[in-house]
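Since the structure comes first, as structure tokens, the remarks are kept for the end.
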Amino acid sequence: MANTVMVYSTPTCPYCIRVKQFLKDNNVAYQDIDVSSDQAKAEEMTSKSGQLGVPVIDINGQVIVGFDKGKIKKALGL
Amino acid sequence: MTEIFDLIIIGAGPAGITASVYAARKRMNFIVVTGDIGGQTVWSGDVENYTGYQFITGPELAAKFEEHMRQYGIEARETEFVSDIQKSGGIISVKTNKGAYQTKTLIIASGKKSKELNVPGEKEFKNKGLTYCATCDGPLFSGKNVSVIGGGNSALDAALQLVKIAKHTYIINITPALGGDAVMRAKVEESPSVTIFNNTQVSAVLGDKTVTGIRIKDNKGKEDLVAVEGIFVEIGLVPNSDFARNIVKNEQGEIKVNCHNETNIPGIFAAGDVTDVPEKQIVIAAGEGSKAALSAFKYLARKK
């Protein structure tokens, strides 16, 4: 079963770059959401995660704040 | 019986990663425990002084470091933070949030982290408007009023990123005038959307669900409120050395090392920004990491 993965990020944030690289390396498809250019999505991220920091990763509805490789792997079943 | 490693490396920034590569080449039995991979290198914007790369970004260089480590089959244990180290009977015990280990030698390469304000509201509103990474979270505050706390190069850098997108940027600086690089300072001072409060410090972070403002206080004791939605703390760095309780440090909390990277405790070495080595540079940290690994290797050889 394919995972539904969304990455809320900004273009400049180093850990966003690393999260996306990690997903690519593991052949995981994801939707990249640039919250710096989309205010509505920025608010969606805030309400989902209860905070204002990027990156936020949504894996099948499970919300992970920051590049936490252990949690991401577990949520993806890697 | 628990396994006794030849070496444990704490940290996976340039110092820790380079130490791990050297340790692997010396075929030492070792592990790396670390918060993250890359350390401060990941936060660096453009790196133009790491030999061999005329230009590379911080995240790219960190990825190269990680790749180099992987080539030797080294898998750093991430989000693992050391809470205590003790040496007795020639064996060093290392306690972390995930386990306890024993080793004959230890390299502390745990680097530095952002200094905190230590004012009411800071912890509560961390990542709820208050951040230590302008590069990361800056773009979330476009069109809003923000404040930068600090007056050195990192504060100027944050302010210059923010003036492009924020409505207004307030700089709260504790010293009588901004420091840092003259070119950057001029750009900040000339910007019409910047207000600078010198001789001023933050006394509280205010907010509801997220940040709504800061309370500031000048050197004459006059208080004021500034309404902002974003707070960027850029007041410098402190070494990650709290866990190294019995190790001699300088006034800044940096671990004292000699030119062989030895600390006051035999078998415990340190390298990179967590030490009192003059000049904090990626290339220096990497060099110090290699020296520390070679010193640990020689120490073990002498013990045999």
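Lettering of chains follows the sequences in order, A, B, ..., and the numbering in each one begins at 1. Bear in mind the structure is a predicted one, so any value in this text is a computation, not a measurement.
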| task | Starting from the C-alpha separation in whole Å, work towards a yes-or-no answer on side chain to side chain contact (heavy atoms under 4.5 Å, CB included) for B:D36 and A:F67. | result | CA-CA 9 Å; B:D36 62 6; A:F67 180 35; over 6 Å; no
On a heavy-atom basis, which atom in [X] and which in [Y] lie closest, and how many Å separate them?
X	Y	result
B:L140	A:A42	CD2-CB, 4.3 Å
A:C13	B:C136	CB-CA, 3.4 Å
B:V42	A:R18	CG1-CD, 4.2 Å

| By a 4.5 Å heavy-atom criterion (distance strictly below it), what part of A:D68 contacts chain B: side chain, backbone, both, or neither? |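 Contact with chain B involves the side chain of A:D68 alone.
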| Interface moiety of A:Q21 toward chain B, non-hydrogen atoms closer than 4.5 Å |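 Answer is neither: A:Q21 stays 4.5 Å or more from chain B.
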Do other residues, nucleotides or ligands put more than 12 heavy atoms under 6.0 Å from [X] [atom1]?
X	atom1	answer
B:K144	NZ	yes
A:K48	NZ	yes
B:Q54	CD	no
B:K98	NZ	yes
B:F81	CZ	yes
B:K280	NZ	yes

Select one option (side chain, backbone, both, neither) describing which atoms of [X] are under 4.5 Å from chain A's heavy atoms.
X	value
B:I165	neither
B:T210	side chain
B:F125	neither
B:E60	neither

| Under a 4.5 Å heavy-atom cutoff, which of B:K128, B:K126, B:K209 has the most pairs with chain A? |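 So the answer, after comparing B:K128, B:K126, B:K209, is B:K128.
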| request: Could you check if a side-chain atom of B:E229 sits within less than 4.5 angstrom of a side-chain atom of A:L52, using non-hydrogen atoms only? | output: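 SC-SC contact between B:E229 and A:L52 ruled out.
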| field | Min side-chain heavy-atom separation B:D137-A:T10 under 4.5 Å | value |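 When only atoms from C-beta onward are counted, A:T10 and B:D137 do not touch, as no gap falls below 4.5 Å.
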| request: Taking only Lys NZ, Arg NE, NH1 and NH2, and the carboxylate oxygens of Asp or Glu, determine whether B:E78 and A:K73 approach each other closer than 4.0 Å. | output: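 No, B:E78 and A:K73 are not salt-bridged.
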